[in-house]
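To keep things clear, I will list the structure first and then write my remarks on it.
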2 protein chains.
Amino acid sequence: MIKVGIVEDDLHIREGLRLLVNGTPGFSCLHVFESSEEAIDQLPGLNLNVVLMDIHLPGKSGINCIIQLKPLCKETSFLMCTSYEDTESVFTALKAGASGYIIKNTPPSKILEAITDIYQGGSPMSSHIARKIVQSFQTTENNTILESLSKRENEILIALSKGLRYKEISDQLCISTETVRKHIRNIYQKLQVQSRTEALNKAYPRS
Amino acid sequence: MIKVGIVEDDLHIREGLRLLVNGTPGFSCLHVFESSEEAIDQLPGLNLNVVLMDIHLPGKSGINCIIQLKPLCKETSFLMCTSYEDTESVFTALKAGASGYIIKNTPPSKILEAITDIYQGGSPMSSHIARKIVQSFQTTENNTILESLSKRENEILIALSKGLRYKEISDQLCISTETVRKHIRNIYQKLQVQSRTEALNKAYPRS
DNA sequence: GAATCAATACCACTTTAGTAGTAATTTAAT
DNA sequence: ATTAAATTACTACTAAAGTGGTATTGATTC
């Protein structure tokens, strides 16, 4: 039995979804919420399996709702519902902790399929959204910068990124600390920076 | 006309795919390769739209092949082919620059669909793989550590992450540099570290 | 009202990091 | 073969970072 929750402001859609879920063997929906605020208030602790959440809610949006709820409901998967394929919103929602999404006018059987899919560890989504996500996590390394550094300089930069001190780096690479200093000075000059942190931020930007 | 390439060691599969692609209006396959090495040698410059690549190739694997090729063929999308749903390999391939994947015994019509999909900017993949990817890019912040720091300490940590010097931080926050030092000393103690870089690595780990 | 914590500030001191210039040796490329 | 770049190494100096201790104030909690 998959325990489903619904967060949806539109009465008709909300009741329609509830009827669909409760009318299907293997699914049950005992909790529906009209707003993000209501959901944030009551949802934690209910231990639902899947929550259908409208992405565009009046007041606090479904995305902000997830941002708050996800850390409190680790075991619950969130399936976003949107009226059209709003790539940006969906993308943001997924980043915030949603696991998939469906378009609202999806046929009922497909909605149930999506709920089952997400419950079983899938992420129902269009291949177009999938591509955007794949791209965002592909390690598009900033080769330009790293390639301007020599092999040794790159080694040293990696050591710097670990927080090692000059002495530790020189021991590890079996060269004098003076040489390490020299390399680092050259690195800083190439990257046009004045400190370790600046260099690392240029070479390995964080997300 | 979608220009397709094929990298596949098995003669039968390779020729089967080639026939399928060339026998379909709107698709053409003028280049097939038996190995990663061959592909790496000849593929750059061909400006293909989509390359079907076997994930398990003798010699250099399809994954390593992509790692080398992707930076040289930014305009080419890679569609991995695998005999079974090998989540780990597929995941790695996507990280390396592939855009989607199909299971080898997919019916021909679906293969063509996948090629079209990837060409039009989609990422054909199962929802199970999609979930893994979504999870990997969800910003699962390490709240535990950050929450152990006070509001002010977090502000200062952010300033540290930008590479600012103590003087710059104190100016920015309108407090004395001595106070900044004190805060930083407390941060280091809480995080059990001895330097800025170590602190940042603990607080904001890079991927 | 006492205790705790966060934020502020200062002093004294040590260590590490960064800047500047020079130079020998090796490796790769023209 | 000569040039260019990379790697190695040194000295001398300055600036910044890190360590240790103490202390005051205001807010929050018990």
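Predicted model, so just to flag it, every value in this text is computed and none were measured.
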Quiz prompt | Glu75(B) CD: over 12 foreign heavy atoms closer than 6.0 Å | solution = yes
Practice problem: Keeping the roles fixed (side chain from Gln172(A), backbone from Ile169(A)), state whether a donor-acceptor pair exists under 3.5 Å. | Solution: no
Self-check item: Spacing of CG belonging to Asn201(B) relative to NZ belonging to Lys162(A), to within rounding of 0.5 Å
Solution: 10.5 Å
Quiz prompt | Closest to the Ile175(A) side chain, choosing from dA17(D), dA9(C), dT8(D) | solution = dT8(D)
Quiz item: What parts of residues 149-170 of chain A reach DNA chain C, counting only heavy atoms under 4.0 Å away?
Solution: Arg165(A), Tyr166(A)
Exercise. Grab the CD-P distance between Gln192(B) and dG18(D) for me, whole Å please.
Key: 16 Å
Quiz prompt | Any donor-acceptor N/O pair, Ser61(B) side chain to Leu57(B) backbone, under 3.5 Å | solution = no
Quiz item: Are the side chain of Arg181(B) and the backbone N or O of Tyr166(B) linked by a donor-acceptor pair below 3.5 Å?
Solution: no
Quiz prompt | Gln189(B) CD - dA6(C) C1' separation (whole Å) | solution = 15 Å
Self-check item: Proximity to the side chain of Ser176(A) - top-ranked nucleotide from dA17(C), dT19(D), dA9(D)
Solution: dA9(D)
Quiz item: Arg181(B) has a side chain; which of dT11(D), dT19(D), dT8(D) sits nearest to it?
Solution: dT19(D)
Quiz item: DNA chain D: Glu178(B) or Glu178(A), which has the more 5' nearest nucleotide?
Solution: Glu178(A)
Quiz prompt | Heavy-atom donor-acceptor pair, Glu198(A) side chain to Leu164(B) backbone, under 3.5 Å | solution = no
Quiz item: Of the non-hydrogen atoms in Leu48(A) and Gly5(A), which two are nearest, and what is the gap between them?
Solution: CD1-CA, 3.7 Å
Exercise. At under 4.0 Å between heavy atoms, which parts of nucleotides 22-30 of chain D does protein reach? Answer with one letter per nucleotide, 5' to 3': B base, S sugar-phosphate only, - none.
Key: B--------
Self-check item: Residue pair Gln192(A), Lys202(A): steps toward the side-chain hydrogen bond (donor to acceptor under 3.5 Å, both in side chains) verdict
Solution: CA-CA 9 Å; Gln192(A) 289 286 293; Lys202(A) 275 218 176 179; over 6 Å; no
